[in-house]
S.K.: 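Would you mind keeping the following structure in view while I ask a few things?
Just so you know, ligand 1 is whichever comes first in the structure, and atom 1 is the first atom listed for that ligand. All residue numbers refer to positions in the sequence shown, counting from 1. Remember, it's a predicted structure, so these values are computed and weren't measured experimentally. Side-chain atoms are counted along with the backbone in the values below, which use heavy atoms only and exclude waters and symmetry mates.
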Amino acid sequence: MKGVAIGHFNISNLEGLHAIYRAAKKLNVPVIIGVSEGEEEFVGRAEAVALVKAIREQDNYPIFLNADHHTSAESVQAAIDAGFDAVIIDGAKMPFDENVKITKECVEYARQSGREVLVEGELGYIGSGSNIKDTIPEGAGILTRPEEAKKFVEMTGVDLLAPSVGSIHGLIKSGKPHIDAALVSEIRQYAGVPLVLHGGSGLREEDFTNAIKAGVAIIHINTEIRLAYDEALKKSLAENPSETTPYKILQPAVDAVEEVVENRLKLFNMRS
Ligand code: G3H
Ligand code: ZN
């Protein structure tokens with residue numbers, strides 16, 4: 001639907017999940033929880049599945065789990081086997097043919113799993129890592145060509161496509177480039193599948209709204225919530241040096257993440 005995108009937010013722990021779920025529930029909007037390979041290893045693959053499933057079933061809530069930026073067919077297959085709702089095979093750094101090959105392999109595995117698992121492919125490298133960067137990393141940010149997007153979708157059979165349309169993973173100190181909304185719209189037409197915008201942290205509000213109007217269906221945010229967690233936790237520890245109860249120390253970090261997520265979800269669900 002035009003005017004609305006689903007928010008995708010990464011977690012590293014249970015606090016992150018609580019914060020994101022609380023924000024989504026407050027606004028009554030669907031939400032996707034993401035774990036990268038590193039986040040998945042820290043949280044636990046089966047644990048991540050169980051936690052998200054528990055919320056979905058207990059509250060009958062549209063919350064889903066995505067294996068974010070998985071870089072090998074093996075790690076994608078492990079996520080599918082474990083019960084993830086969606087997976088991303090990230091071949092963005094590979095030459096086109098290799099990217100097609102590995103993505104196709106993952107799509108086939110998902111289709112044979114007997115479950116409905118969405119597979120997202122990536123075309124166009126937008127840098128790696130949800131962290132603070134001085135400048136745009138070398139080799140990142142070359143925009144995806146619509147004809148290539150069409151070819152990629154046709155050859156792989158992906159359900160979702162993450163193109164390079166101006167954003168970069170992480171917060172760039174020297175300033176983030178704009179989203180090329182006209183390109184988003186063109187790629188959406190050529191690709192014929194819903195588009196996913198990665199590298200959402202630090203983008204201007206109008207970049208989000210223009211991208212959504214142009215055909216972006218899912219938006220990924222990670223660095224902004226990592227930063228909010230980190231700053232609130234450091235403050236909490238500094239202000240309460242004698243506090244030893246983890247849930248008291250961590251509550252401000254949960255609140256900070258919830259606020260960031262709520263603000264982003266409001267923007268993604270404006271329907272105008
Ligand atoms: O897959 C994760 C996202 O694309 C996050 O990007 O850290 O720039 O918000 P971000
Ligand atoms: Zn991403």
S.K.: Is E224 close to ligand 1, meaning an N/O of one under 3.5 Å from an N/O of the other?
M.R.: no
S.K.: Can the ring centroids of H8 and H198 be said to lie less than 6.0 angstrom from one another?
M.R.: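 No.
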S.K.: Can you find a side-chain donor-acceptor pair between H69 and E122 that sits under 3.5 Å?
M.R.: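 Yes, side-chain donor-acceptor contact under 3.5 Å.
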S.K.: Is the shortest N/O to N/O distance between N10 and ligand 1 below 3.5 Å?
M.R.: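 Not met; the criterion fails.
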S.K.: Ignoring hydrogens and geometry beyond distance, is a side-chain donor-acceptor pair present between Y125 and D90 at under 3.5 Å?
M.R.: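 No donor-acceptor contact under 3.5 Å links the two side chains.
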S.K.: Report yes if some N/O of H8 lies less than 3.5 Å from some N/O of ligand 1; otherwise report no.
M.R.: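 There is no such contact.
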S.K.: Tell me: protein heavy atom nearest atom 3 (C) of ligand 1, and distance?
M.R.: H220 CB, 3.2 Å
S.K.: Which of the atoms in ligand 1, numbered in the order shown and given with their element, are less than 4.0 Å from a heavy-atom of T223?
M.R.: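 With T223 as reference, the close atoms of ligand 1 come out as 7 (O), 8 (O), 9 (O), 10 (P).
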S.K.: Which residue supplies the protein heavy atom nearest to atom 8 (O) of ligand 1, what is that atom called, and how far is it?
M.R.: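 It is G170 N, 2.8 Å.
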S.K.: Which atoms from ligand 1 have a heavy atom of H198 less than 4.0 Å away?
M.R.: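 Per the distance check, 1 (O), 4 (O).
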S.K.: Is it the side chain, the backbone, both or neither of H69 that has a heavy atom closer than 4.0 Å to ligand 1?
M.R.: side chain
S.K.: Could you walk me through whether H169 and H220 satisfy the ring pair (Phe, Tyr, Trp, His ring centres under 6.0 Å) test, starting with their C-alpha distance in whole Å, then the side-chain angles of each, then the deciding distance to 0.1 Å, before giving a yes or no?
M.R.: CA-CA 10 Å; H169 277 128; H220 282 227; 7.9 Å; no
S.K.: Taking atom types as modelled, find out whether N66 and D85 have a side-chain donor-acceptor pair closer than 3.5 angstrom.
M.R.: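 Note: N66 and D85 side chains miss the donor-acceptor criterion.
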S.K.: So for ligand 1, is I221 a polar contact partner (N or O within less than 3.5 Å, distance only)?
M.R.: no
S.K.: So which heavy atom in the protein is nearest atom 1 (O) of ligand 1, and how far is it from that ligand atom?
M.R.: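 Protein heavy atom with the smallest distance to atom 1 (O) of ligand 1: D68 OD2, 2.6 Å.
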S.K.: Without hydrogens or angle criteria, can the side chains of E39 and N13 be said to hold a donor-acceptor pair below 3.5 Å?
M.R.: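 No, because no side-chain N or O of E39 sits under 3.5 Å from a partner of the opposite role on N13.
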S.K.: Please list, in number order, the atoms of ligand 1 under 4.0 Å from a heavy atom of S130.
M.R.: 5 (C), 6 (O), 7 (O), 10 (P)
S.K.: Relative to the heavy atoms of S201, which atoms of ligand 1 are at a distance of less than 4.0 Å?
M.R.: 7 (O), 8 (O), 9 (O), 10 (P)
S.K.: As an exercise, identify every atom of ligand 1 less than 4.0 angstrom from a heavy atom of N222.
M.R.: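 So the answer, numbered in order with elements, is 5 (C), 7 (O), 9 (O), 10 (P).
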S.K.: What protein atoms of element N, O or S are positioned under 2.8 Å from the Zn ion (ligand 2)?
M.R.: H69 NE2, H169 NE2, H198 ND1
